Engineer: 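Dumping the structure here so I can ask a few things about it.
Here the structure is a predicted model, which means the values were calculated and not measured. Scope of the values below: all heavy atoms of this structure, side chains included, with no hydrogens, waters or symmetry mates.
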Amino acid sequence: MKKLLATILVIIMIFTLAACGPNESEEVESLGTPTAIEIEQPIPAANIAEVAEQNKIGISLAGEGAFYDQLILDMTAECNALNYEADIKVALSAEEQIQQLYTMISTGVDIVVIDAVDVDLLEAVLAECETQQIPVINIIDSINGLVSTLITPDFLGIGKSAGRDAVELFGKSGVGCMLIKGDYDSFSMQLMTDGFMEEINTDKDVSLIAEEYCGDDEQKAYEAANRAIANEEIGFIFAQSDTLGLGAIRAIEENGGGITLVVFGGDMDIIEAAASGTVHSAIFFGPAELAKETVYIADRFIKNETYEPPPYLELRIEAAQQSDASRYFVDGNIYAQTLGG
């Protein structure tokens, strides 16, 4: 009897397993082929170290326009080439610049580059940089305070170049000159004016008979040039920025031409005007050279705590005239670069 019960139980189990088998198989098949799940890969350890060790250069600029647009591009490219993070800020007031600089210091920049809005108002910021042992590279306008190095063109030489043009062109026939200046308290403007006056004072037939402070306002430059051309014996104008030069061009063209114009600036519109002969000479320094020299010195500071840079580094200035201005004009570029040689 026990054998019979055991046999019956075995037969029941066999039938039960046979009934369940196909259903389980169908469930598995219904799931289909497993799909690969994309898992975001972690950053390799080497790359993590590289990101963590990337140094930051704080760059505080003080202006707008073609030169600064090009300088930002060039500074960024130079920093990227050496694996530095470029923290670039543009300030339109001294107060804004000071706040930006304190923010840079608090966020841990390794070095600060300053193009000053107001060269007289940075004493406290410079003191904080010294306390934090952050080197300061001063570019373009000289800051009244202790910095590690100054990188700038020879603004006195730029003024002399414009003055020589006036003397060479009109030293025998005589000419009345006009200066269209930037801000009245600008150190670079004063140096350009001094250089210009030093040259024209060597010739009694060349004299300054009109000058106007126009900031960086094209309309003011246009109105000032228009008045001078209408009321004075003006034959030569030296405009001390690209923007002022554009205003002078408008005034000259509206008055029938005949005025020799020299401009400090390499905006592509000014270079194009030099190529056509509307501008006699466009005098400028290259933002790419400024960026290269600045980031090079920053790199030396970051890699060597005992590095001592030159106290002053002079940037090359070049003049584009009708005979060679086409060399500097590059379609699609913002600002001309010096070519050297």
Side-chain angles (χ1 to χ4, degrees), residues 152-214 220-266 270-271 273-285 314-325 328 336 338:
T152 186
D154 178 5
F155 286 106
L156 188 71
I158 290 167
K160 286 183 177 182
S161 179
R164 282 195 297 271
D165 284 342
V167 171
E168 290 172 3
L169 293 170
F170 301 102
K172 295 180 180 179
S173 58
V175 71
C177 298
M178 178 185 189
L179 283 175
I180 303 181
K181 303 179 179 182
D183 295 319
Y184 73 94
D185 58 350
S186 167
F187 185 60
S188 58
M189 176 280 300
Q190 190 57 57
L191 285 174
M192 284 190 283
T193 299
D194 291 346
F196 183 81
M197 295 305 300
E198 183 178 328
E199 288 296 323
I200 69 169
N201 284 341
T202 63
D203 194 303
K204 62 181 178 58
D205 295 318
V206 179
S207 59
L208 179 69
I209 61 176
E211 55 185 324
E212 292 275 357
Y213 292 102
C214 297
K220 286 183 179 179
Y222 161 75
E223 293 170 358
N226 223 359
R227 287 193 300 271
I229 293 170
N231 301 327
E232 306 285 353
E233 294 294 328
I234 295 295
F236 185 98
I237 296 175
F238 175 32
Q240 295 184 346
S241 79
D242 305 278
T243 304
L244 302 180
L246 293 172
I249 288 173
R250 286 169 50 202
I252 292 168
E253 290 178 341
E254 287 185 11
N255 285 274
I259 307 294
T260 299
L261 175 63
V262 172
V263 179
F264 167 54
I270 297 297
I271 297 298
S276 70
T278 304
V279 168
H280 172 73
S281 184
I283 308 167
F284 63 94
F285 64 98
E314 183 177 312
L315 297 171
R316 180 185 180 88
I317 58 173
E318 295 183 8
Q321 298 183 329
Q322 187 172 16
S323 61
D324 65 356
Y328 298 98
T338 50

Engineer: Look up atom OG1 in Thr202 and atom CZ in Arg164, then write down how far apart they are to the nearest 0.5 Å.
Structural biologist: 10.0 Å

Engineer: To the closest 0.5 Å, what do you measure between CG (Leu315) and CZ (Phe155)?
Structural biologist: 9.0 Å

Engineer: Return all side-chain donor-acceptor pairs below 3.5 angstrom for residues 205-214, not counting sequence neighbours, or 'none' if the list is empty.
Structural biologist:
residue, atom, partner, partner atom, Å
Glu211, OE1, Lys181, NZ, 2.5

Engineer: Could you go step by step and tell me if Ile317 and Thr338 meet the side-chain contact (heavy atoms from CB on, under 4.5 Å) rule?
Structural biologist: CA-CA 7 Å; Ile317 58 173; Thr338 50; over 6 Å; no

Engineer: Please round to the nearest 0.5 Å and tell me the distance separating atom CG of Leu244 and atom CG of Leu179.
Structural biologist: 11.0 Å

Engineer: Of the non-hydrogen atoms in Ile237 and Ala225, which two are nearest, and what is the gap between them?
Structural biologist: CD1-CB, 4.3 Å

Engineer: Could you tell me the separation between the CD atom of Glu168 and the CG atom of Asp203, rounded to the nearest 0.5 Å?
Structural biologist: 11.0 Å

Engineer: Testing the basics here: between Ala319 and Asp324, what is the closest heavy-atom pair and its distance to 0.1 Å?
Structural biologist: O-OD2, 4.0 Å

Engineer: Hey, does Phe196 have a side-chain heavy atom less than 4.5 Å from the side chain of Ile158?
Structural biologist: no

Engineer: Any idea which heavy atoms bring Gln240 and Phe264 closest together, and the distance?
Structural biologist: O-CD2, 3.4 Å

Engineer: Test side-chain contact (heavy atoms from CB on, under 4.5 Å) on Ile283 and Met192; report intermediate values, then the result.
Structural biologist: CA-CA 11 Å; Ile283 308 167; Met192 284 190 283; over 6 Å; no

Engineer: Have a look at Cys177 and tell me which of Phe236, Phe238, Phe170 forms a side-chain contact (heavy atoms from CB on, under 4.5 Å) with it.
Structural biologist: Phe236

Engineer: Can you name the nearest heavy-atom pair linking Leu261 to Ala248, along with the distance?
Structural biologist: CD1-CB, 3.9 Å

Engineer: Please name the pair of heavy atoms, one in Gly245 and one in Val263, separated by the smallest distance, quoted to 0.1 Å.
Structural biologist: CA-CG2, 3.9 Å

Engineer: Please report the interatomic distance CG(Asn226) to CG(Asn255), rounded to the nearest 0.5 Å.
Structural biologist: 5.0 Å

Engineer: Any chance CD of Glu233 has more than 12 other-residue heavy atoms, nucleotides or ligands included, within less than 6.0 Å?
Structural biologist: no

Engineer: Just jot down the salt bridge (Lys or Arg N to Asp or Glu O under 4.0 Å) partners of Glu254, sequence neighbours excluded, or say none.
Structural biologist: none

Engineer: Can you see which heavy atom on Ile200 is nearest to which on Val167, and at what distance?
Structural biologist: CA-CG2, 3.9 Å

Engineer: Got a second to check how far Leu169's CG is from Ser281's OG, nearest 0.5 Å?
Structural biologist: 9.5 Å

Engineer: Main chain of Gly157, side chain of Ser161: is a donor-acceptor contact present, judged purely on distance under 3.5 Å?
Structural biologist: no

Engineer: Between the main-chain N or O of Leu156 and the side-chain N or O of Asp154, is there a donor-acceptor pair closer than 3.5 Å?
Structural biologist: yes

Engineer: Quiz question: by atom type and distance under 3.5 Å, do the side chains of Ser241 and Thr243 form a donor-acceptor pair?
Structural biologist: no

Engineer: For Gln322, what residues pass the side-chain hydrogen bond (donor to acceptor under 3.5 Å, both in side chains) criterion, not counting sequence neighbours?
Structural biologist: none

